[in-house]
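Residue numbers start from 1 in every chain, and the chains themselves are labelled A, B, ... in the order their sequence lines are given, proteins ahead of strands.
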Amino acid sequence: MARYNPKETEPKWREAWADAQSFRAVQDPTRPKYYVLEMFPYPSGRLHMGHVRNYSLGDVIARFKRARGFSVLHPMGWDAFGLPAENAAMERGVDPKGWTYDNIARMRDELKELGLSIDWSREFATCDVAYYGQQQAWFLELFKRGLVYRREATVNWDPVDQTVLANEQVVDGRGWRSGAVVEKRKLNQWFLRITDYADQLTDDLETLDRWPEKVRVMQENWIGRSQGARLRFHFAGAAPQGFDAGIEVYTTRPDTLFGAAFVGVAADHPLAERLAGADPKVAAFVAECRRGGSSEAEIETAEKIGFDTGLRVRHPFAAGQELPVWIANFILMDYGTGAIFGCPAHDQRDLDFARKYGLPVKPVVLPPCEDPATFQVGDEAYVGPGAIFNSDFLDGLPVEEAKARAVARIEADGDGQGATVFRLRDWGVARQRGWGCPIPVVHCEKDGVVPLPRSALPVALPDDMEFGKPGNALERHPTWKHAACPICGGPATRETDTLDTFVDSSWYFARFADPHAAEPIDKAAADYWLPVDQYIGGIEHAVLHLLYARFITKALADEGMLSVREPFAGLFTQGMVTHETYRRQNGEWVEPGAVELKAEAGIRAAVLVETGEPLVIGDVEKMSKSKKNTVAPGDIFEVYGVDAARLFVLSDSPPERDTQWSTGGVQGAWRFVNRVWEEFDSQPAAAPGGDGAGGGEDAAATALRRATHKLVKQVTEAIETFRFNSGIARLYEFLNLLKANPAEGASAALLAARQEALSAFARLIGPFTPHLAEESWARIGGAGMVVEAPWPEFDPALTEDAVKVLPVQVNGKRRGEISAPAGAEPAEVEKIVLDDPEIARRLEGLTIRKVIVVKDRIVNIVAA
RNA sequence: GCCCCAGUGGCGAAAUGGUAGACGCGGCAGACUCAAAAUCUGCUUUCCGCGAGGGAGUGCUGGUUCGAGUCCGGCCUGGGGCACCA
């Protein structure tokens, strides 16, 4: 009996699958389709354990669905534009394109080694002209629809990467890649009108019932829809020049208007800027506000400061009442209208401001059970429900009703209207980078910004850009940008900004439906395959990629290019792969490969292999180069084979949780692989046929058959509910049972039962350890390959035991057990229990009050 | 501050309201071996007991229930997200 040799078997089966084109996706109208997609990788050149986990998870689903009779699409591609290539180019003087394609070649080999059930004929990279040329095509369509526009805007400028960042790419005031503190700059910028879809993007979240609640909440918060009203305050007396119409504010609490103490505007509000131009004191205050940083820490600690302009406005409801106009640093110009009315009694921030500057605090919402004569607001604003008071025509109304009444009055007076405001901003998509998808427009002196005609596509990147220094290599190129204006034919300059790489990844899933189509998206193919039934990736894209992809899908649907309005029907966010960290006494990190783990007196210790120096075992953290706690998948494959690596990464923790890589763990998986093989290898070739019933009856055979059918049921359910770790645990358990019923010396009945068990087992492990499954299947004479075999079925009659062992509790504590026929009625069970001498002994001296029998489960006797 | 999620052995974890700790890792003991590795077998929540057996136990606390890791209320700790958002 030979030890299982993955180095021989694994490549053999990968070749067999490739030869048979087992994973080719076929548009088959007679079968239900299933589209499994994992977020495609950036081609860094090295596969890491996170990839192994992500793609193994998807592969389990893909292989399972295929076996269940679905027509499966499981493609792979490369998110290939982006800064790392430019950085490599700058540091090492290589060409980003060559560097990227080399990396792709290397990673493709590594991914193929994983034995994934991918249709490689659909592979593409976003840096293929064939891909980004099509992207330019739909970009121009969106341009025509007015979803693309250009304006001067204050943008997030990353001084290290020397490019603009989207709001979503600024985390805690720093660039999400470079970590540099982001500066504010005014630039002419390209935007996609994602805000046109803000309502839909919020509303449709409700339809995504197979998305994690967490992700939906994060998107909802990010879009930040709020219902309120816009409302104009008119100046009492002469209005400043240009402000005859008054000041427009946005509020979500029109019900509290009678509690207004002031009107405030942002420091960069046009009114503040006008006043600053005329009054040095205002100018000085505005300048002071600007000095405040934008980082979270600075905002957190920044004191609320204000400046009384001396201007006054009229209260819209209370005739004769006037409110002072302040400039305040806490009001944001880019939210709402950049102006507010302050109601200190019912808004904490307004209250802090009012206390500081001695403004009146007048409560207008009365909390339940408070006396209007005595109710006062102290240091805490009252934001809860209640009845309006001190408010003229709103008196006595509950908050929600008062809001509606106040808005109705504002609208009747012509001073404003109900309004919805979003936190979401339009998506700034231009990047000042050479390694990206060119924006297909030219700038003509005569005709301005001119989109190119479809016939001028693709606008391809030049192959001879110079990446030796920072900045935009496309801009620097000597000739590329010169072009003819499509309108006048005169000289024009190409746009040298390229698109954010998140644009590239916002539609790739649709391109996979037919990656070679002459149009961006082949409608018939997309109609068949989309939406993605199961999308799998990291939680870090909860807002960025997943929001952009939803937006582009809706925009393309409105363009008639897609029929679906949501790209991903099911989303699964998997956890990270972590590892223990090790440090030398001097604090230096040590990689796991150089560490030997020991246990002395039951306590784990780590030493440096080379010198025996004791190491400090640190926290378990996400695998990262800086902590040196990475393990190269290739090294693991070399020692244990691919299947063991896949199995461990799937078996250790629930998929949504972080999983901890450990040498011991993968060794355990490796042991399982070998033990499985031993069972298959020990089964005689002449064993009776596979339905298990052929060998006659005996107790061991019957028990094994029941266990087999139960196993099929349990593993099937585990895969369907993403509880892969539990499913694998059932397989481990079952293997132990097989070992307890060895082929050697087995009866004919048991051999037949084993044959049935092994036949099911080989197919059940297929999604997890596909190579081992094939080798095992072949060993017991399975027809064809596992990838062609249907998923095993179970006989419900065999998943239920004929005799049930019921635990018996007395007053909720387990005191013994009895056997009863399955489905026995409570009265019958009760009799068995009370006749049991052991139970009777337990009940001595007690009076039975009640006997609870849960059919086939448990008995509880209440006695005193 | 607001919104999610989680808390179970030495560790990763498992348990339709029904025998808590399956399965794996680690550990201990034994078998095989000249020896080691590999492999195999047994034990491994904790306390009392030689034992049979018994007590306690799922972050804390109260409740619902014949019965709670699971449901409800209050708290503690950790993780994630959002936040001068009017």
Side-chain angles (χ1 to χ4, degrees), chain A residues 3 212-222 224-226 228-229 249-253 256 264 266 292 296 299-300 302-304 328-332 334-343 346-350 352-353 421-423 539-540 542-543 578 580 597 599-604 620 647-648 651-654 656-672 674-675 678 717 723 725-736 739 805-817 849-863:
Chain A
R3 199 171 164 80
E213 173 73 16
K214 181 167 50 164
V215 175
R216 292 191 309 212
V217 168
M218 282 166 71
Q219 292 213 357
E220 197 176 337
N221 289 342
W222 185 266
R225 180 160 67 185
S226 103
V249 305
Y250 174 73
T251 179
T252 56
R253 294 299 302 272
T256 63
E296 193 172 351
I299 288 170
E300 192 93 13
E303 206 184 336
K304 288 174 183 47
N329 67 337
F330 63 85
I331 301 168
L332 307 175
D334 59 3
Y335 185 80
T337 60
I340 63 162
F341 80 79
C343 176
H346 304 293
D347 182 289
Q348 191 60 45
R349 190 200 44 207
D350 294 346
D352 295 344
F353 190 75
V421 159
F422 297 92
R423 204 188 83 103
I539 186 77
E540 67 271 22
V543 176
T578 62
E580 255 178 354
L597 292 170
E600 279 159 24
I603 295 168
R604 293 179 69 241
V620 173
L647 185 65
F648 173 56
S651 69
D652 196 49
S653 298
E656 69 277 11
R657 229 178 281 178
D658 288 353
T659 193
Q660 190 184 336
W661 182 271
S662 69
T663 310
V666 72
Q667 279 168 348
W670 166 238
R671 274 195 282 273
F672 175 80
N674 280 290
R675 283 153 52 102
E678 278 168 26
E717 285 169 1
R723 287 156 46 244
N725 56 325
S726 292
I728 292 168
R730 297 287 87 77
L731 291 166
Y732 272 75
E733 256 175 304
F734 189 78
L735 182 66
N736 290 337
K739 285 186 82 69
V805 175
L806 307 186
V808 179
Q809 297 179 331
V810 175
N811 293 330
K813 289 192 174 155
R814 187 175 185 278
R815 291 301 185 212
E817 57 186 37
R849 293 269 163 81
K850 197 171 172 188
V851 179
I852 293 132
V853 178
V854 182
K855 200 186 257 187
D856 291 345
R857 288 220 85 96
I858 199 167
V859 181
N860 190 14
I861 301 168
V862 185

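In this structure B/rC40 sits in a base pair with B/rG30, meeting the Watson-Crick or G-U test at under 3.5 Å. Pairing for B/rU45 is with B/rA56, a Watson-Crick or G-U wobble pair whose two hydrogen-bonding atom distances lie under 3.5 Å. Pairing for B/rU70 is absent, with no Watson-Crick or G-U wobble pair whose two atom distances lie under 3.5 Å. Base pairing of B/rA86 is not made with any nucleotide, judged by Watson-Crick or G-U wobble geometry with both donor-acceptor distances under 3.5 Å. In this structure B/rG17 sits in no base pair that meets the Watson-Crick or G-U test at under 3.5 Å. Under the Watson-Crick and G-U wobble criteria, each requiring two contacts below 3.5 Å, nucleotide B/rC2 is paired to B/rG81. Searching all strands for a Watson-Crick or G-U wobble partner of B/rU8 with both distances below 3.5 Å returns nothing.
Phosphate proximity of B/rG24 to A/Asn736: present, with a side-chain N or O under 4.0 Å from OP1 or OP2. An OP1 or OP2 oxygen of B/rC40 is reached within less than 4.0 angstrom by a side-chain nitrogen or oxygen of A/Arg675. OP1 or OP2 of B/rA15 sits under 4.0 Å from a side-chain N or O of A/Ser726. For A/Arg857 and B/rA15, the shortest distance from a side-chain N or O to OP1 or OP2 is not below 4.0 Å. Checking the phosphate oxygens (OP1, OP2) of B/rG24, no side-chain nitrogen or oxygen of A/Tyr732 falls inside 4.0 Å.
With hydrogens and angles left out, the side-chain atoms of A/Glu678 and A/Asn674 include no donor and acceptor closer than 3.5 Å.
With its glycosidic angle within 90° of 0, B/rG9 is assigned syn.
Between the side chain of A/Lys304 and the base of B/rC84 there is at least one donor-acceptor pair of N/O atoms closer than 3.5 Å.
Closest to the side chain of A/Asn860, from the set B/rC3, B/rG67, B/rA86, is B/rG67.
Ring-plane geometry between A/Phe672 and A/Tyr732 is classed as parallel, the angle between the planes falling under 30 degrees on a 0 to 90 degree scale with a further cut at 60.
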